[in-house]
Amino acid sequence: MACRISELVLGCREPEVLARFWCEVLDFVVLGREDDGTLEIGPREGFGGPQPTIILSRRDEPEPGKSRLHIDVNATDRDQDAELERLLGLGARRADIGQTGQESWHVLADPEGNEFCLLKARINPL
């Protein structure tokens, strides 16, 4: 038996702001709130399904250095260009990490500057 990813934990200054953003991006809902401001977001069916949940853990200061982990997303119901416009409308912004312009993906940042990529392939929703 192998492990699988059940949760991703993201330290952030404003969990509520990032929860709104990522819930819109991923069609997730808030699954739980802790007294310290930490939020768990995930698919409507809750924890334990095929998709991991995301824990947005309140931090006063960002972690030092560049994050070594980022999220990749794929559109499920539209092409990449339409999804890019949707994500930018939600508050994502383009991020320059030295791309050549020939990549098949777009590098973006969420409202707190966490980088993520919008890939080209459209995948079927779960």
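Bear in mind that the values here come from a model prediction, so they are computed numbers and not experimental data.
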Between [atom1] of [X] and [atom2] of [Y], what distance do you get to the nearest 0.5 Å?
X     : Y      : atom1 : atom2 : value
Leu8  : His70  : CG    : NE2   : 12.0 Å
Ile41 : Leu26  : CD1   : CG    : 6.5 Å
Glu24 : Leu90  : CD    : CG    : 5.5 Å
Leu10 : Glu112 : CG    : CD    : 7.5 Å
Arg59 : Arg13  : CZ    : CZ    : 12.5 Å
Leu56 : Thr38  : CG    : OG1   : 8.5 Å

Worked check of ring pair (Phe, Tyr, Trp, His ring centres under 6.0 Å) between Trp105 and Phe116: CA-CA 10 Å; Trp105 61 88; Phe116 68 100; over 10 Å; no
Side chain to side chain donor-acceptor pair (under 3.5 Å) partner of Trp22, the single match among Asp110, Asp27, Asn114: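 It is Asp110, the one option of Asp110, Asp27, Asn114 that forms the side chain to side chain donor-acceptor pair (under 3.5 Å) with Trp22.
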Side-chain H-bond candidate by donor/acceptor type, Arg4 with Ser6, under 3.5 Å: no
Check: Glu83 and Leu118 side chains under 4.5 Å, non-hydrogen atoms: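 Heavy-atom side-chain distance check passes, below 4.5 Å.
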Salt bridge Glu16-Arg33, side-chain N to carboxylate O under 4.0 Å: yes
Pair Asp79 + Lys120, salt bridge at N-O below 4.0 Å: no
Donor-acceptor pair, side chain of Gln102 and main chain of Thr100, under 3.5 angstrom: no
Same apolar cluster: Phe21 and Ile55, side chain cutoff 4.5 Å: no
